[in-house]
Protein chains: 2
Amino acid sequence: MPLTDSPAKPHDHSLCIEDALGQARLICEQRNVRLTAIREQVLGLIWQSHKPIGAYDLLEQLAKTHHAAKPPTIYRALEFLQDNGLIHKIESQNAFLGCAHVGGHHHGQFLICTICGTAQEIDEKIVSSALENASQAHGFRIQSFVIEIKGLCATCQDL
Amino acid sequence: MPLTDSPAKPHDHSLCIEDALGQARLICEQRNVRLTAIREQVLGLIWQSHKPIGAYDLLEQLAKTHHAAKPPTIYRALEFLQDNGLIHKIESQNAFLGCAHVGGHHHGQFLICTICGTAQEIDEKIVSSALENASQAHGFRIQSFVIEIKGLCATCQDL
DNA sequence: GGCGGCAATGATATGATATAACAATATCAA
DNA sequence: TTGATATTGTTATATCATATCATTGCCGCC
Ligand SMILES: [Zn+2]
Ligand SMILES: [Zn+2]
Ligand SMILES: [Zn+2]
Ligand SMILES: [Zn+2]
C-alpha cells in the first residue's frame, strides 16, 4: 500500500522511495529472485517521482553512474521489475511507473493528470467488476486489462 | 453501430467495410472535412479486418497502389481519421482499429482476444460510470480514458 | 579451493514506431 | 486568375524496443 493516498499532493517523497525499495527487497527475497544493483538502481530511478518515466530517460539517468548502460540494460531491468510486479507500464505513454500495490495480484488502474503528469495507481473493485460484467455480457473471458484514465487530479483542478 | 455484434464470429465482412466507408463519407460531409482518396483508402485498409493493424503494415498495403506512400503519408491519414472519430488507436499494441460507433461521443472500450487477435469495441455504461465513480472518489476529473481488456472471445473459448 | 552450470551483464547491431521540417501541388473561394 | 489554405511529397531524424552473441559473476557441488 502507498504511503500517500494522493501522490500529487506534497508529501515526504523520500519515504515513498524507501518504502518501495524496502518492499522490493522483501518481495524478491520471498520469490527467490535477485534484486541486483542495476535492478534496484532502476527501480529507485523510477520512484524518483510519481510520473511515468520513459526507458531512455531512465537510461540517461542510469548512465551517469553506470557507464556501460545501454538500451538492453534498461529493458532487461524493466522486464524483471514488471515480471515481479514491482512496476507497471503505462501503455499510452510508453513509460513506467512504480507499483503502489506490490504483493497483491492486480492489473493496473491509473489516474493520470494531464497537467502535472502525476499518475496515481488505484485498485477499485467497482472498476474491475464493471469490466467483468461488461465482458461477460459479450461472452468474453478476461485475462488482463489496461485502464488508463486521463484528466485533472484534485490538486490541478484548483489551479 | 456495427453490423455484427460479435466480430469474431463469421459474418459477411464486406458489409462491415461498406458500412464503415459509407458512414465515413457522411460524417466527413457533415463536418465539412475532406475524406481524400488516401484517407479513404487507409480507412478501407484498416477495415479489412477486425484486428488492430500497425501503421507500417498499413503503409506496406498502401504502397502497393500508391508508390509515393511514406510514413508521414500514413500517420497523417491516421491522425485525420482519429480526429474525426473514424478510428481508434489500441495503445497496448501500437495499432489502429476502425471505430464501431462513429458519430457518438465516446472513448473506446475494447475486448481484445489474445488468440485470434480480434478487437471488439463496446460502449458499456456500467464501465464508464464505474470509472467516473472511482475517479470521483479520488477527487479526479476525467477527460478521457483508455480501456483495453485482453482475454478470450466467445469463439476462441470454444476451441 | 576449483569446476561446471546458469543467471546476469556487456556490446553491437538492428528493428519498429513516430515526427520534424520544408517543398510542391491541389483545392476552392473571391 | 489569383491568393489563401489544405494536402501531399520528400528527406531526414527522433524515439522506442529487441535480437544476438560474448563475457562475467554467482553458487552449488565435488
Ligand atoms: Zn511520493
Ligand atoms: Zn495534476
Ligand atoms: Zn466485419
Ligand atoms: Zn478470439
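First the proteins, then the strands, lettered A, B, ... as listed; each starts at 1.
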If Ile, Leu, Val, Met, Phe, Trp and Tyr residues are connected whenever their side-chain heavy atoms lie under 4.5 Å apart, and connections chain through other members, are [X] and [Y] in the same group?
X: B:Phe145; Y: B:Ile87; answer: no
X: A:Val42; Y: A:Leu86; answer: yes
X: A:Leu111; Y: A:Ile115; answer: no

It should be established whether [X] places a side-chain nitrogen or oxygen under 4.0 Å from OP1 or OP2 of nucleotide [N].
X: B:His66; N: D:dG9; result: yes
X: B:Asn94; N: D:dC16; result: no
X: B:Lys70; N: C:dT19; result: no

Rounded distance in Å - [atom1] ([X]) to [atom2] ([N]):
X: A:Tyr75; N: C:dT14; atom1: OH; atom2: P; value: 19 Å
X: A:Ile74; N: D:dA17; atom1: CD1; atom2: P; value: 12 Å
X: B:Glu60; N: C:dT17; atom1: CD; atom2: C1'; value: 15 Å
X: A:Gln93; N: C:dA18; atom1: CD; atom2: P; value: 14 Å
X: B:Gln82; N: C:dT17; atom1: CD; atom2: C1'; value: 14 Å
X: B:Leu59; N: C:dT19; atom1: CG; atom2: C1'; value: 14 Å
X: A:Ile53; N: D:dC16; atom1: CD1; atom2: P; value: 11 Å
X: B:Leu78; N: C:dA18; atom1: CG; atom2: P; value: 9 Å

Side-chain heavy-atom pair A:His13, A:Ile17 within 4.5 angstrom cut-off: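 Counting from C-beta outward, A:His13 and A:Ile17 do come under 4.5 Å.
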
Quick one, A:Leu59 and A:Pro71 - any side-chain contact, counting heavy atoms below 4.5 Å?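 Contact flag for A:Leu59/A:Pro71 side chains = yes.
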
Between the base of D:dA14 and the side chain of A:Tyr56, is one N or O donor paired with an acceptor at under 3.5 angstrom?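 Flag unset: no donor-acceptor pair detected.
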
Within the structure shown, what part of the strands sits under 4.0 Å from A:His67 by heavy-atom distance: base, sugar-phosphate, or nothing? nothing

Contact check, residues 26-45 of chain B vs DNA chain D, heavy-atom distance under 4.0 Å, returns B:Arg34, B:Thr36, B:Ile38, B:Arg39

Between the side chains of A:His88 and A:Gln82, is a donor N or O closer than 3.5 angstrom to an acceptor N or O?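 No, no side-chain donor-acceptor contact under 3.5 Å.
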
I want to verify a distance call: between C:dA18, D:dG9, C:dG10, whose nearest atom is closest to the B:Arg76 side chain? D:dG9

Using the side-chain heavy atoms of B:Pro72, tell me which of these nucleotides is nearest: D:dC16, C:dG10, C:dA20. C:dA20

Kindly say whether the aromatic ring centers of A:His11 and A:His50 come within a distance under 6.0 Å. yes

